[in-house]
Student: 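What follows is a single structure, and I will ask about it in a moment.
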Amino acid sequence: MWHLLEPLHALLYYSPEAFGEAAALGYDTAERWPAYFAWRAAPLGAAGPDRVASAFYSFSPAMVARYVPAAWETAGPAEVLAGRLRGVDRTYRALFGDLVDRPEFAEAAGLARRAAEAAVGSGVVTADAAVTSDVAVTAHVAVTADAASAPGPVGSGAVGSGLVGSGAVGRPLAAANAGLPWPEAPHLALWQAATILREHRGDGHVAALAATSLDPVEALVSFAAVGAAPEPVFASRGWSAAEWTAARERLGARGLVDPEGAATEAGRALRAEVERRTDELAAAPWTALGPDDTARLADLLGGPWLAAIGSGLLPAENTLGIGKV
């Protein structure tokens, strides 16, 4: 389901309509990052760079600091949240046309909302809960860094059970987005549900990475090492060549990459375990929705997914595997 929903969420970061809304708020749109950090971090409130870097995980803290808290000097989080919905509305109407007003889109939105609400428990999350979730992740990283030295798969720390719950605890971005009001328009509700579900999965992925003692740059180096994308694609996350090389050396010392930077058998096993655990931590919404309704949602999303992938807006090579099945 992630493969179907992620492109529907990610259109926000690439569409000319969304860039237009960002420009109207005062953001520099010569590059995508000022708007990206504002759009994605706004549900957290006027968060500082440390909190945003912790929640986003894969970005260099130095890169995050270039855009946060400057984002909130340009526009406040409430203004940004209103702007991003306007951007999604314009993007979806431009790309999907009359489909957004058809019953099938409303049906998809209803099913996706049910899954999103199951992802965070009751579906009603306060701002305090979102902050608590972020603190829980920070604490979890510290605890699992010690636990990772214990015996486990490939000698680098097993991914234990109970890292994060099936609800909002330990999932700062999912909790923050779930705390926002649901839009009335079905196409906007579908986008919000897709956002909650992708951040729910992403928060679980961060927990799985932390439990294997892969720091943010090591997570990217190890992902590149298994051929997920060419190394230059990962440069978008802001790590310097020296930081990338140092991370590769650390992974080499753990026997996870060879001298050329390719994953060893142990490195591939570790990445496979991270992905397995990520899938496991992301399963609760779909278990709650049930196989029949999940299959129905997948069928309903097929057309919008093809339109999103075929739009040319999303990059063909990316760090997430968008468009690859």
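Nothing fancy with the numbering, it's 1 onward along the sequence.
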Student: Are side-chain heavy atoms of Glu231 and Trp244 found at a separation under 4.5 Å?
Tutor: yes

Student: Rounded at 0.5 Å granularity, tell me how far CD in Glu275 sits from CZ in Phe223.
Tutor: 5.5 Å

Student: With a 3.5 Å distance limit and no angle check, can you tell me whether Trp239 reaches the backbone of Phe234 through a side-chain donor-acceptor pair?
Tutor: no

Student: Hey, what do you get for CG (Leu314) to CG (Leu8), rounding to the nearest 0.5 Å?
Tutor: 9.5 Å

Student: Kindly write out the residues that satisfy ring pair (Phe, Tyr, Trp, His ring centres under 6.0 Å) with His9, not counting sequence neighbours, or none if the list is empty.
Tutor: Tyr13, Trp191

Student: Indicate the ring-plane relationship of Tyr92 and His187, choosing parallel, tilted or perpendicular according to the 30° and 60° boundaries.
Tutor: tilted

Student: Which pairs count as salt bridge (Lys or Arg N to Asp or Glu O under 4.0 Å) when at least one residue sits in residues 16-26, sequence neighbours excluded?
Tutor: Glu21-Arg86, Glu21-Arg90

Student: Go through the structure and list residues passing ring pair (Phe, Tyr, Trp, His ring centres under 6.0 Å) with Tyr27, not counting sequence neighbours.
Tutor: none

Student: Show me, pair by pair, the donor-acceptor contacts under 3.5 angstrom made by side chains of residues 291-303, not counting sequence neighbours?
Tutor:
| residue | atom | partner | partner atom | Å |
| --- | --- | --- | --- | --- |
| Asp293 | OD2 | Arg114 | NH1 | 2.9 |
| Asp293 | OD2 | Arg114 | NH2 | 3.2 |
| Thr294 | OG1 | Gly290 | O | 2.7 |
| Arg296 | NE | Glu107 | OE2 | 2.9 |
| Arg296 | NH1 | Asp299 | OD2 | 3.4 |
| Arg296 | NH2 | Glu107 | OE1 | 2.9 |

Student: Distance from Tyr57 atom OH to His205 atom NE2, nearest 0.5 Å?
Tutor: 9.0 Å

Student: Check the surroundings of atom CD in Glu184: do more than 12 heavy atoms from other residues, nucleotides or ligands lie under 6.0 Å from it?
Tutor: no

Student: Checking Leu99 now: which residues fulfil side-chain contact (heavy atoms from CB on, under 4.5 Å) with it, not counting sequence neighbours?
Tutor: Phe96, Arg102, Phe105, Pro304

Student: How long is the span from the CZ atom in Phe59 to the OH atom in Tyr67, to the nearest 0.5 Å?
Tutor: 10.0 Å

Student: In Å, rounded to the nearest 0.5 Å, how long is the span from CZ of Phe37 to CH2 of Trp72?
Tutor: 10.5 Å

Student: Could you give the distance from CG (Leu214) to CG (Leu209), rounded to the nearest 0.5 Å?
Tutor: 6.0 Å

Student: Please tell me if the side chains of Ser60 and Val217 come closer than 4.5 Å, counting only heavy atoms from C-beta onward.
Tutor: no

Student: Just to verify, what does Arg268 make a side-chain contact (heavy atoms from CB on, under 4.5 Å) with, not counting sequence neighbours?
Tutor: Val226, Ala263

